[in-house]
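Scroll down for the structure; my scribbles are underneath it.
Indexing begins at 1, ligand by ligand and atom by atom, following the structure's order. All figures in this text were calculated on a predicted structure; none of them were measured in a lab.
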Amino acid sequence: MRSRDSAVSLMLEAAQKEAIETTWDRLDAQLPQCGFGELGVCCRHCMQGPCRISPFEDGPQRGICGATADTMVARGLVRAIAAGAAAHSGHAKHLAHTLHKWVKGQAPDYNVKNEAKLRAVAARQGISADGLSVRELAAKVVASVFSQFAEGEEPLAWAGATVTTGRVEALAKLGALPVGIDSSIAEMMHRTHLGVDADPVNLLLGGISCAIADYTGCHIGTDLADILFGTPVPVVSEANMGVLKENSVNIAVHGHNPVLSEVIVRIAGEMQDEAKAAGADGIVLVGICCTGNEVLMRHGIPPVTHGVSQELPILTGALDAIVVDYQCVYPSIVEVARCYGTKVITTMSIAKIQGSTHLEFVEEDAAGKAKEIIGVAIEAFKARKGRPVNIPQVKSKVVAGFSVEAIVAALAKLDAADPLKPVIDNIVNGNIQGVVLFAGCNNVKVPQDHNYLVMAEELAKRDVLLLATGCGAGAYARQGLMTPEATEKYAGPGLKIVLTAIGEANGLGGPLPLVLHMGSCVDNTRAVDLTVAIANKLGVDIDKLPVAASAPEFKTEKAVAIGTWAVASGLPVHLGLVPPVLGGPQVTSILTAGIKDLLGGYFIVETDPQKAAEKLFAAIQERRAGLGLGT
Ligand code: XCC
């Protein structure tokens with residue numbers, strides 16, 4: 001089985017019939033994958049290499065420079081964290097530049113859509129708003145953001161202001177508080193260069209510090225997106241390929257940063273008549289990956305697919321354009337698109353793909369660029385009109401938009417004076433046993449969505465409250481688990497009582513969805529905010545809470561960075577694939593055990609989703625017992 005998504009399965013059959021190569025075919029062509037690489041014991045950091053360390057005693061035990069297996073594994077891992085941090089913080093920096101351009105009057109198509117969030121963020125960061133206009137306050141917030149990238153003398157203020165004081169102290173004790181995002185990434189590159197840091201333990205501490213830099217970038221990304229585009233509120237939509245319409249101009253937005261897609265959403269609304277003049281019923285916008293999550297959360301734009309299956313909506317023959325920004329965009333989409341007349345439009349100077357159409361996006365003329373892009377899609381529709389399409393009639397309802405602000409507002413209907421109290425009370429009385437955040441990607445090595453589905457069902461029936469972000473949220477959206485119906489079907493009795501009470505208090509006439517969609521990958525920080533609020537309310541640190549995270553189908557270096565900061569924040573973190581660390585026994589033991597004594601969080605590696613759910617539930621029970629709570 002390649003995917004649990006029936007639309008994906010149908011399109012894979014079509015691919016086979018038409019001899020179109022997909023991600024899965026390319027995995028097959030790679031097999032068997034390099035065993036040294038899988039264990040993390042190959043090193044290409046200098047030109048004397050590549051060096052490999054034998055997992056058996058009869059082969060080389062050191063690289064040419066003398067690096068041990070643990071050193072190699074640690075260096076590889078922390079470089080992955082640095083790459084992830086660079087991606088997330090690049091996304092954040094981009095949003096900061098957009099807001100900065102708006103401050104200077106150079107981005108006429110943008111605005112501070114959520115002044116309350118701007119004020120809340122400023123207050124949190126200790127920025128006085130006294131007597132300032134919105135523009136002046138935004139300027140101060142932007143300056144504070146930029147200060148986080150450079151190398152300062154103090155630990156990153158945006159991290160310090162958003163976690164518990166206990167966390168700051170625990171990280172400070174380890175010397176794992178970064179003083180600048182860019183400087184932290186650069187330092188990891190320095191330390192992993194030939195002949196610098198060879199101590200695996202010290203490297204891992206550096207990796208944790210860099211992961212906190214990643215967290216800071218993610219948090220800034222979420223904060224600025226909310227300020228510019230609004231904080232999500234619950235929204236009902238649909239997910240999967242059945243949302244495409246034969247006689248419409250179908251445009252997918254793909255990547256991560258909402259800077260472009262937000263404007264596309266608005267301009268698409270204004271260009272419906274042009275699409276009709278071209279003989280279409282209108283324009284249908286859909287999302288892929290985290291750009292898809294961003295526009296689903298804020299506008300209800302339906303996600304069409306995620307991650308490993310991103311080539312497949314093209315095979316419907318109905319997709320007129322894929323507009324990409326950056327991250328997680330497979331260059332292979334250009335090859336598939338060539339066969340179907342789909343236009344792949346790249347928009348960022350740092351993310352081009354040969355064979356695509358590049359229309360460089362600039363904030364100074366955002367609406368103009370969006371018009372040009374949609375115009376290309378309309379032309380592609382005209383060329384396609386009349387050709388047969390093959391749209392799988394598969395789609396699910398999805399309720400998304402659960403920002404922390406939205407969750408707190410929903411809870412306030414139960415207790416206006418103390419909105420978190422109902423959650424705390426129900427954790428204490430056991431209706432909610434704990435909380436698990438599902439984050440991360442799909443990975444072609446796992447049947448798509450399988451681990452997510454098995455784990456959600458197992459945990460929900462044990463009364464665990466489920467949150468999701470990224471392509472994990474995408475999996476639950478496409479598979480119908482972000483619906484009240486899924487709550488009725490899968491939630492245990494206690495969880496059902498709570499989700500129903502909140503749903504009814506909010507006039508939904510039924511429960512909240514089984515899995516709450518908290519947004520894109522940078523929005524994992526929303527889950528941290530919620531956890532921190534609960535921890536502060538209970539007066540304990542995060543490492544005592546019955547809260548855990550899981551990345552059951554993770555893929556990217558960004559996911560490695562997020563997993564590491566989730567551990568550093570004190571959470572047990574499940575990984576559904578074995579990361580390339582097993583070649584380093586000391587590193588493996590620190591990540592899965594030793595780190596628990598230092599930070600409270602630790603990695604649980606378990607490839608069987610059933611067992612993984614059991615292990616996470618056991619971790620939750622251990623924490624409940626620690627708090628003196630019953631099961
Ligand atoms: Fe999906 Fe965010 Fe992973 Fe990329 S990294 S595959 S979750 S789109 Ni975030």
Audit row: Met11, Thr316, side chain to side chain contact (heavy atoms under 4.5 Å, CB included) steps and yes/no: CA-CA 7 Å; Met11 285 297 100; Thr316 61; 3.9 Å; yes

Determine the sole option in Met189, Met188, Glu557 for which the side chain to side chain contact (heavy atoms under 4.5 Å, CB included) test with Arg79 is passed. Met189

Mind running salt bridge (Lys or Arg N to Asp or Glu O under 4.0 Å) on Glu294 and Arg298 for me, showing each step along the way? CA-CA 6 Å; Glu294 298 275 356; Arg298 293 196 180 85; 2.7 Å; yes

I want to check something: taking the side chain as every heavy atom from C-beta on, are Val605 and Pro579 in contact at a cut-off of under 4.5 Å? yes

Please list, chain by chain and in numerical order, all residues satisfying side-chain contact (heavy atoms from CB on, under 4.5 Å) with Ala186, sequence neighbours excluded. none

Metal environment of atom 4 (Fe) of ligand 1, protein N/O/S under 2.8 Å: Cys328 SG

Taking Ile333 as the fixed residue, which of Ile288, Ile322, Leu312 is the one that meets the side chain to side chain contact (heavy atoms under 4.5 Å, CB included) rule? Ile322

Is the closest heavy-atom distance from Gly440 to ligand 1 below 4.0 Å? yes

